[in-house]
Student: 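First the structure, which I've put down as structure tokens, then a few questions once you've had a look.
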Amino acid sequence: MKEFAFIRNNIDKWQRAEIIIDDAASQTPDVLADTYTDLTSDLAFAQTHYPNSRITLYLNNLASSLHNSIYRNKREKWSRLITFWTQEVPLTMFEARKLLLASFCIFFISVFIGVVSQCFDTDFCRIILGDYYVDMTLQNIKDGKPMAVYDGGDELNMFLGITLNNISVSFLEFVSGIFTSIATGFLIFQNSVMLGCFETFFAQHGLLYESFLAVFLHGTLEISALIIAGAAGLAMGNSWLLPGTYSRIVSFRHGAKRGMKIIVGTVPIFIFAGFIEGFVTRHTEISNYFRLSIIIVSFVFVIGYFVVLPQIRHRQKKK
């Protein structure tokens with residue numbers, strides 16, 4: 001590649017690097033690391049092909065400045081633990097806001113498909129939920145305990161089993177991004193159709209309100225986290241499917257890092273959702289107002305942390 005073409009293809013990236021270096025103290029570790037990797041890669045290329053050029057000296061100065069900034073602004077372990085949840089995850093969610101919206105749209109449309117399918121075919125739930133589950137639930141409804149499925153087994157074991165299962169499902173949504181965003185989208189579709197079918201099944205038996213309170217008591221957090229995990233999978237899938245100006249390897253690395261940070265951000269939510277499902281959901285005798293309050297608080301938290309706070313952190317970063 002001729003030197004002029006090399007400069008023309010990368011000048012915008014280097015100018016962004018200059019801005020990041022000037023404001024290194026407020027940048028996330030991932031941004032600094034990715035920028036440093038890109039600069040050193042370009043520097044190595046320049047040193048090989050244009051060893052005596054001014055552009056090589058320029059890149060060397062940029063890389064040296066960023067190296068010094070990284071180590072000068074290195075955070076202590078406990079400080080990083082705090083800033084991860086208060087700064088890094090919200091900023092990552094802001095970057096992935098369009099992917100989060102896409103994940104929600106897939107979820108919403110898929111739930112609608114589940115609802116319509118169950119409305120037109122009352123046996124559709126047997127295809128999605130299985131004959132055993134449907135027959136068991138029909139018996140529970142007949143016995144006057146429609147939500148008895150949440151009342152089986154030891155509470156602690158149920159909590160651990162549910163939490164581990166939900167976390168594994170979220171990681172599956174993320175890892176499936178390796179096979180493009182389509183694979184992640186299909187997993188979101190699969191789980192969402194199941195939810196729509198499930199709620200419609202109870203509505204057909206006059207139990208929609210009771211089902212809503214029982215399912216969304218823990219499901220507000222659980223379902224929200226699965227939608228967010230879907231955004232993580234889409235981030236990785238799009239990173240190599242649509243690399244933009246980056247090479248596919250560099251773009252994939254960026255997408256994987258962003259997705260992993262989002263996934264880690266959902267783990268506490270799955271733990272708390274599992275706790276509610278294991279210890280609280282089974283107690284259907286609890287006041288409906290109390291259950292509804294938990295649902296509302298959970299919803300406000302999800303919107304506040306994953307939608308509103310990212311906007312605030314982004315505005316603060318720009319100042």
Side-chain angles (χ1 to χ4, degrees), residues 13 28-35 37-38 41 84-85 87-114 128 162-196 219 221-271 273-274 302 305-307 309-310 313-314:
K13 180 174 63 176
T28 65
D30 279 349
V31 170
L32 294 176
D34 291 342
T35 304
T37 300
D38 288 341
S41 177
F84 177 81
W85 298 106
Q87 299 287 337
E88 295 180 41
V89 173
L91 285 172
T92 302
M93 289 308 305
F94 180 82
E95 294 175 2
R97 62 193 183 282
K98 292 182 180 179
L99 298 175
L100 180 61
L101 177 61
S103 181
F104 174 78
C105 289
I106 296 172
F107 162 80
F108 184 82
I109 294 171
S110 302
V111 168
F112 180 74
I113 291 173
I128 301 299
I162 290 169
T163 301
L164 292 175
N165 177 71
N166 287 338
I167 292 175
S168 66
V169 170
S170 70
F171 270 88
L172 181 60
E173 283 191 5
F174 168 57
V175 173
S176 64
I178 295 175
F179 306 103
T180 76
S181 308
I182 298 173
T184 297
F186 176 76
L187 288 177
I188 301 172
F189 169 80
Q190 194 175 39
N191 290 316
S192 304
V193 167
M194 186 179 299
L195 174 64
L221 294 176
E222 182 179 292
I223 295 167
S224 298
L226 287 172
I227 294 172
I228 295 165
L234 293 176
M236 185 157 68
N238 285 357
S239 66
W240 73 267
L241 189 64
L242 304 168
T245 57
Y246 293 103
S247 68
R248 291 192 186 276
I249 295 298
V250 172
S251 178
F252 179 77
R253 186 172 67 246
H254 290 176
K257 286 183 178 179
R258 181 194 299 178
M260 180 56 72
K261 189 171 291 187
I262 294 172
I263 282 294
V264 173
T266 65
V267 170
I269 299 178
F270 281 122
I271 292 174
V302 170
Y305 186 75
F306 289 99
V307 178
L309 184 60
R313 290 289 181 253
H314 176 69

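The model shown is predicted, which means the values in this text are computed figures rather than measured ones.
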Student: Supply the atom-to-atom distance Ile113 CD1 to Ile106 CD1, rounded to the nearest 0.5 angstrom.
Tutor: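 It is 11.0 Å, given to the nearest 0.5 Å.
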Student: Quick one: side chain to side chain contact (heavy atoms under 4.5 Å, CB included) partners of Thr35, sequence neighbours excluded?
Tutor: Ala17, Ile20, Val31, Leu39, Leu66
Student: Kindly indicate, with the supporting measurements, whether the criterion side-chain contact (heavy atoms from CB on, under 4.5 Å) is fulfilled by Leu91 and Lys261.
Tutor: CA-CA 10 Å; Leu91 285 172; Lys261 189 171 291 187; over 6 Å; no
Student: Does any non-hydrogen side-chain atom of Phe306 lie less than 4.5 Å from one of Ile227?
Tutor: no
Student: Among residues two or more places apart or on two chains, list those pairs meeting side chain to side chain donor-acceptor pair (under 3.5 Å) that have a residue in residues 100-113.
Tutor: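 Sorted pair list comes back empty.
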Student: Can you name the closest pair of heavy atoms from Gly255 and Ser239 and give their distance?
Tutor: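 Gly255 and Ser239 have their closest heavy atoms at CA-CB, 3.6 Å.
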Student: Can you tell me if Ser181 uses its side chain to pair, donor with acceptor, with the backbone of Asn238 under 3.5 Å?
Tutor: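 A pair under 3.5 Å: yes.
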Student: What is the minimum heavy-atom distance between Thr266 and Ala229, and which atoms define it?
Tutor: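 Shortest heavy-atom separation between Thr266 and Ala229 comes out as CG2-N, 4.5 Å.
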Student: Considering residues, nucleotides and ligands other than Ile178, do more than 12 of their heavy atoms fall under 6.0 Å from its CD1?
Tutor: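 It does: Ile178 CD1 has more than 12 such atoms within range.
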Student: Cut-off 3.5 Å, no hydrogens considered: what does the side-chain donor-acceptor table look like for residues 93-101, sequence neighbours left out?
Tutor:
from, atom 1, to, atom 2, distance (Å)
Arg97, NH1, Phe94, O, 2.7

Student: Output a table of donor-acceptor pairs, distance under 3.5 Å, between side-chain atoms of residues 186-194 and any protein atom two or more places apart or on a different chain; print 'none' if there are none.
Tutor:
from, atom 1, to, atom 2, distance (Å)
Asn191, ND2, Leu187, O, 3.2
Ser192, OG, Ile188, O, 2.7

Student: Identify whether the distance between the nearest side-chain nitrogen and carboxylate oxygen of Asp34 and Lys257 falls below 4.0 Å.
Tutor: yes
Student: Just verifying a value: how many Å separate Ile271 CD1 and Ile167 CD1, rounded to the nearest 0.5 Å?
Tutor: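 Rounded to the nearest 0.5 Å, the CD1-CD1 separation comes out at 5.0 Å.
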Student: Looking at CZ of Phe171 and CZ of Phe270, how far apart are the two atoms once the value is rounded to the nearest 0.5 Å?
Tutor: 9.5 Å
Student: What side chain to side chain donor-acceptor pair (under 3.5 Å) pairs are there with at least one residue in residues 162-176, not counting sequence neighbours?
Tutor: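 For residues 162-176: Asn166-Glu222, Ser176-Thr184.
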Student: Minimum heavy-atom separation for Trp85 and Tyr305, please, with both atom names.
Tutor: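 For Trp85 and Tyr305, the tightest heavy-atom pair comes out as O-OH, 2.6 Å.
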Student: Could you tell me which residues satisfy side-chain hydrogen bond (donor to acceptor under 3.5 Å, both in side chains) with Arg313, sequence neighbours excluded, listed by chain and number?
Tutor: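 Per chain and number, Arg313 pairs via side-chain hydrogen bond (donor to acceptor under 3.5 Å, both in side chains) with Gln316.
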Student: Rounded to the nearest 0.5 Å, how far apart are CG of Leu234 and CZ of Phe174?
Tutor: 11.5 Å
Student: Atom CZ of Phe107 and atom CD1 of Ile228: how far apart are they, to the nearest 0.5 Å?
Tutor: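 Going from CZ on Phe107 over to CD1 on Ile228, the span is 11.5 Å.
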